[in-house]
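Bear in mind the structure is a predicted one, so any value in this text is a computation, not a measurement.
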Amino acid sequence: MGVSTPPTELKKTLGPIMLWGLGVGYVISGMYFGWNLGLPEGGPFGLLVATLVVTVMYVAFVLSYAELACAIPKAGGVFVYASRALGPELGFLAGVAQWVEFVFAPPAIAAAIGAYFNIFFPTIPGSAVAVVAYFVFTGLNIQGVKHSAVFELFVTVLAVAELLVFVGITGPSFSWSAFSRNPLPGGWTGIFPALPYAIWFYLAIEGVANVAEETANPQRDLARGFGSAMGTLVVLALLTFFSAVGVRGWEQVVYKGGSTTPSDSPLPLALAAVVGESNTFYHLLITIGIFGLIASFHGIVLVAGRATFEFGRTGFAPRVLGMTLPGRGTPAAALVFNMVIGILALLTGRTGEIITVSVFGALTMYVLAMLALFRLRRKEPDLPRPFRTPFYPWAPGIALVLSLICLASVAYFNLVLCGIYVVILGIGFIWYYVAVPRHVRNVHTGL
C-alpha cells in the first residue's frame, strides 16, 4: 500500500486537568435533561433503582476501561482494543457501536440546547438553534484540540458550578413526601424501561479514552482523568436527581403547564416551582445552564470525530476521514461527516428515541470492551499496563454482567429502535465485507 502524504497524526497537548474537564463535560448534559424522560416509566423509585444499578455498572466499567486506555492509547478507543483482543470482525462491531453512541448523542443534546434557548426566545425555533450549534462547535473543533479542550474546561466548570447552585436553591425545598409521590407509576417493572434514561446520566464518560493520542502522558494521566471525572459525575447525578424531583414531585420535572409532552428542560421546571419564572436567579441559572448542554455537545462532537477518524485512518472507512488538517492536526473531514449525520437525526425531532439508539451503541461497546479486557489479560499477559484494574476480575465482571442485563432490557422495551440499531449495524457490515480490502480486515487495526 502506498504512503499517504496527508497527515494522519494527532497533536499531544492534553494534561490531567483537561482530561477531567473533557470527561465531566462529555457527560454533564445528562444532569440537565434526558434523565427525566425515565420518570413516566419508572417513577422516582424505579428511576432511582435504575440509576443506582447503572452507577455501579459505570464505576466498575471505568475502573476496567482505564486499563485498556492506558495500555493502548489510541484515538479509536474500543475499536482498537477489541480488534487487538477479539479479531477484526468484533473490533469492527465495537467500532460501529462506539460510532453510533458518539454520533447519535449530540443531536439529542442539540435539541435540548434549542429547548433551553427557546425559554428566552420563544419566537426562534429550537431546531434552528440546534443546527447553528452544530456548525459553531464543529468549527471550533476543527480549529485545534487545545482550543477545544480549554473551552471545554471553561464551560464544564461553569456547568458544575450551576448545578451546585441549583442544588443549593432547590435542596432546602426537598421533601420526602413530594419525592415519593406516585413512586411507581408502572410498578417495579418500570425499572427496566427507565434504564436508558439512567444511563444518560453517565453516557460518554468513556470518550476520555479517545483523546489518548492527544494526551501528553497517557500512561499516567488517563487513569487520573477517568477516576476524577467519574467521582464528580456520581455526586452530581445523585444531588441533581433528589433536588429536582423532591421539590414538587416527578410530574413537575416532566410536564410543563399541564402539557402531556415530556419536557427537555427539567431543571428550569423544578427551579420555577421554587423561585418563580420572574426571579433573577431563575434567569441567571437557566442562562448558565445552557453551558452544561454546550459542554457535552462540544465534547462529544470532539470525541466522535476521533472515533470516525480512526475508522478512516485504518482503512475501515474512506481514507479521507482518517486525514488531519495540515497545520492544525484535527480530523476535519471526520468532524464534518459526523455533523451531517447528526443534523439529519436532529431534524427527526425525536429526542427520546435518539437517546435510546445512542444507549444501544454504548451498551454494545461496554460488553465488547470488557470481553477485550479479559481476552488481553490471557492473550498478552506481558503487555505493559501502567494502570491495572482494581478488584480484577470482579470489577470488569460486574460491568460485563450489568451491561448485558441493561442491553437486554433496553432491547425488550424498545423493539422498533432495536431494529433500527440492528439495521445500522447491518449496513456497517455490508460496507465491511464489500468495501474494506481483505488485507485491511485481516490486520488488527491501528496497532
So, for Tyr392 and Phe374, is the gap between ring centers shorter than 6.0 Å?
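Yes, the ring of Tyr392 comes within the 6.0 Å limit of the ring of Phe374, centre to centre.
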Notebook entry, point to check: Phe316 and Trp431: aromatic ring centres closer than 6.0 Å?
Noted result: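 When the ring centroids of Phe316 and Trp431 are compared, they turn out to be at least 6.0 Å apart.
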| said: Any non-hydrogen side-chain atom of Trp99 less than 4.5 Å from a side-chain atom of Met365? | reply: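 Answer no - side chains too far apart.
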Min side-chain heavy-atom separation Phe360-Leu407 under 4.5 Å: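 They are in side-chain contact.
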Is there a donor-acceptor pair under 3.5 Å between the side chain of [X] and the backbone N or O of [Y]?
X: Thr138; Y: Phe135; value: no
X: Thr308; Y: Ala304; value: yes
X: Ser83; Y: Pro88; value: no
X: Thr156; Y: Gly21; value: yes
X: Trp35; Y: Met31; value: yes

Hey, what's the ring geometry for Phe151 with Phe137, parallel, tilted or perpendicular (30° and 60° as the breaks)?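 Aromatic pair Phe151/Phe137 classed tilted.
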Exercise. Has Phe192 got more than 12 heavy atoms of other residues, nucleotides or ligands less than 6.0 Å from its CZ?
Worked result: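 No, not enclosed.
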Within a radius of less than 6.0 Å around CZ of Arg385, do more than 12 heavy atoms belonging to other residues, nucleotides or ligands occur?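 Atom CZ in Arg385 is crowded, with more than 12 foreign heavy atoms closer than 6.0 Å.
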According to ring pair (Phe, Tyr, Trp, His ring centres under 6.0 Å), who are the partners of Tyr366, at least two apart in sequence or on a separate chain?
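Residues passing ring pair (Phe, Tyr, Trp, His ring centres under 6.0 Å) with Tyr366: Tyr58, Phe61.
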Partner set under side-chain contact (heavy atoms from CB on, under 4.5 Å) for Phe154, not counting sequence neighbours: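 Scan of Phe154 (side-chain contact (heavy atoms from CB on, under 4.5 Å), adjacent residues dropped) gives Leu158.
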Q. Listed by chain and number, what are the side-chain contact (heavy atoms from CB on, under 4.5 Å) partners of Val129, not counting sequence neighbours?
A.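 side-chain contact (heavy atoms from CB on, under 4.5 Å) check on Val129 returns Ile113, Phe117, Ile124.
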